[in-house]
Number of protein chains: 4
Amino acid sequence: MRKRGRQEGDARTRILDAAEELFAADGYEATATARVARRAKVPKGLVFHYFPQKIDLLVALVEERTFIEVLPAESVEAMPGDPAGTLSRLARRFPLRASPAMRRILFREADTHRSVRDRLRSLNGEVLRRARGALEVALPGTRGDAARLEVAAATFTAVLLYQENLSQLTGEHIDPDAVADLIARALGT
Amino acid sequence: MRKRGRQEGDARTRILDAAEELFAADGYEATATARVARRAKVPKGLVFHYFPQKIDLLVALVEERTFIEVLPAESVEAMPGDPAGTLSRLARRFPLRASPAMRRILFREADTHRSVRDRLRSLNGEVLRRARGALEVALPGTRGDAARLEVAAATFTAVLLYQENLSQLTGEHIDPDAVADLIARALGT
Amino acid sequence: MRKRGRQEGDARTRILDAAEELFAADGYEATATARVARRAKVPKGLVFHYFPQKIDLLVALVEERTFIEVLPAESVEAMPGDPAGTLSRLARRFPLRASPAMRRILFREADTHRSVRDRLRSLNGEVLRRARGALEVALPGTRGDAARLEVAAATFTAVLLYQENLSQLTGEHIDPDAVADLIARALGT
Amino acid sequence: MRKRGRQEGDARTRILDAAEELFAADGYEATATARVARRAKVPKGLVFHYFPQKIDLLVALVEERTFIEVLPAESVEAMPGDPAGTLSRLARRFPLRASPAMRRILFREADTHRSVRDRLRSLNGEVLRRARGALEVALPGTRGDAARLEVAAATFTAVLLYQENLSQLTGEHIDPDAVADLIARALGT
DNA sequence: TATGAATGAGTCTTCATTCAT
DNA sequence: TATGAATGAAGACTCATTCAT
């Protein structure tokens, strides 16, 4: 992904690093591009060289720094008859690659920036798909109707994606493993 | 104390109404006080007459327009032996009084404004307390250890508080009743 | 000068007191009428009841709170053959009645407000006239030509009028008595 | 470091020139930054590019446009046995480099702005030091005790520094040469 | 590719002043 | 006389963006 050249890309990377920190801490609107430049230790003009508009910084961050890892095989973590373990493993090998800072940005700005919201939705959809898939493998047969399984997957997805934000905002911590166990019980093993 | 003039209180209320709408739609930072004034149909200066600083608008909204209703008795909704019904009733008589707009504001701005975060935390704590209390009544005896009950309460609280935001951000809807049912099953009836 | 009536004038006086303090401390321009009202403990509207324009506060202060006292007879302090003592007595019975605060206002605002400057000039002229007169009495005959006497009077007047401002601005104190002595020597007793 | 472009330095200098004129004429508080920009013929934003806060204009003016010239040797002007001539020469080679406009600013704003007052005090101290030094050279021996010499130096310093302000405020002119002569006589030649 | 001076629209905030009561 | 809500022009300051070099 990185361009060649000695210092090439360095500046661009430093700019994105700075933007990530500042957007996460203060929000996109409250962060001046001049501050980004200062923190990145590049001249103000250079920021606009790489990112002609301020919004391009946000778009680039979301595009380049949040993604769902492509895992070799989902079945790896899914184990028939062990939904709790399956969900726990999913939580541990959680496929969303995004720094805590990027997550804050993602959730905060999704509310007002469509491009961010679209990304968040696609990430959410992907995690949900995996959780559902894992549960289907873990609970073969018809035990537990489809609707319940869907609710379980959605609930677990929400906990997985939002756990950091929830604890950040509310001060309460939710342990995904414990929720996995709860959900497994609900699905009636 | 207040006079009962033609437009009594109107101005201040209209200003808060306008701020609520705009902050919810575009975010606090992206909303100019001039726009608030325009939408409220008051002159710009009057906004500052009532709210000397822009931030005071946000503080006032959070203080005056989000609160947990004091219910006569929690036992009203809690019914021994029926945790699913108990949680469903809690969801339906949900004690948080805050418009959808206020909730968006609450979650969005909590990330960067301490006073909002503090409020959100206290609201969250209160809802959690009630969910826990309801479950304790619904599940008398020692069935289900305390830790599990705690996780159940926290999960349900998160779903309750965040359901609108979740669906707004992700496009997926989570039905609190279905989650209530799920959790009830998990608690092993 | 004061109007009759119970609380009558009270408010007006308190307003002027407040304005005097604040204008002296921060300058006329930097003092908001609202602050004057607050310090005077009167509602904002009342300030404009008594002083329709902000500038009227300054004009009233200067007109009512700075003046040269009319002394019974100038000769009282002048004593032939004793110019030093004469000047010293003039300094001690200094006829300008104006609080230190009013003096600061006088000098500061004279620079930009014509009405204040006019007042300061007339006060200065009066003091100069007295100093000159006193010296003429103290130094009868033709000893010391008129020009020198004029310079002496002007210098002493400047020291008298400006001593507080000088020490305020420069941190150095000038003792009028010492200057009186100096000038007396210069006039060659 | 600075480029030698077409208008090199011009903008900043023009801004300071404009500020000097306007502050002197109307006072710091009564001068809007927009007026400074207009008079300097630069866009409003550029004023804040060079002087992030309005007060920085005043500080820069005082720092860059008022100073005591370093003279080769004070003895040049001091001549034993000729205090009047010595003081006159001091007045003529007066070492304070500050335009009449800057002096008005200096005296006017010293009253409310500490940084200006500090500068004025240091300038005053320096002039006083020179006057004292000159008189000590001009009056060798013990003629005239130290206290009297101090008063003479202080009086002359005040006249020197304030002459323009005095005449501006009072309409009376004081001739430093005449005061020099007066003081020389006082010191008893 | 790098730089920072330049630009001007827009933001929050202040404040003298008015006016209905 | 007394009161404080109402008004809007003006002020300081910010900031994304441009551009000559």
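Chain letters run A, B, ... following the sequence lines, proteins first and then strands; every chain starts at 1. Just so it is clear, the structure is predicted and the values come from calculations on it, not from any experiment.
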Given B:H113, which of B:F107, B:F23, B:Y28 fulfils the ring-ring contact (aromatic ring centres under 6.0 Å, His included) condition?
B:Y28
For C:T66, what residues pass the side-chain contact (heavy atoms from CB on, under 4.5 Å) criterion, not counting sequence neighbours?
C:V62, C:A98, C:M102, C:L106, C:R119, C:L123
In this structure, how many angstroms lie between the [atom2] atom of [N] and the [atom1] atom of [X], rounded?
X     : N      : atom1 : atom2 : value
C:Q53 : E:dT17 : CD    : P     : 5 Å
D:I55 : F:dG11 : CD1   : P     : 17 Å
D:K54 : F:dA10 : NZ    : C1'   : 12 Å
D:D26 : F:dG11 : CG    : P     : 12 Å
B:I15 : F:dA5  : CD1   : C1'   : 11 Å
C:Y50 : F:dA2  : OH    : C1'   : 9 Å
D:F48 : E:dT7  : CZ    : C1'   : 14 Å
C:E29 : F:dG11 : CD    : C1'   : 12 Å

Verify, without hydrogens or angle tests, whether [X] (side chain) and [Y] (backbone) share a donor-acceptor contact under 3.5 angstrom.
X      : Y      : answer
B:K54  : B:T31  : yes
C:R97  : C:F67  : no
A:D118 : A:S115 : no

Could you identify which residues of residues 37-46 of chain B place a heavy atom less than 4.0 Å from some atom of DNA chain F, listed by residue number, or say none?
B:P43, B:K44, B:G45, B:L46
Are any of D:T33's side-chain N or O atoms less than 4.0 Å away from OP1 or OP2 of F:dA12?
yes
Any idea which of E:dA6, F:dG4, E:dC12 is nearest the B:H49 side chain?
F:dG4
Selection from F:dT17, F:dA12, E:dC12 that lies nearest to any side-chain heavy atom of D:A32:
F:dA12
Please lay out, stage by stage, how B:E109 and A:R108 fare under the test salt bridge (Lys or Arg N to Asp or Glu O under 4.0 Å).
CA-CA 8 Å; B:E109 308 304 339; A:R108 198 188 137 85; 3.8 Å; yes
On a heavy-atom basis, the closest approach of C:A11 and C:V42 is CB-CG1, 4.2 Å
Closest non-hydrogen atom pair, D:A24 against C:D111:
O-OD2, 4.2 Å
For C:D17 and C:R65, what are the C-alpha separation, side-chain angles and deciding distance, and is it a salt bridge (Lys or Arg N to Asp or Glu O under 4.0 Å)?
CA-CA 10 Å; C:D17 289 346; C:R65 299 192 172 190; 2.8 Å; yes
Stems in DNA chain E: runs of 3 or more consecutive Watson-Crick or G-U pairs, distances under 3.5 Å?
E:2-21 with F:2-21
5′-ward residue of the pair A:T31/D:Y28 relative to DNA chain F:
D:Y28
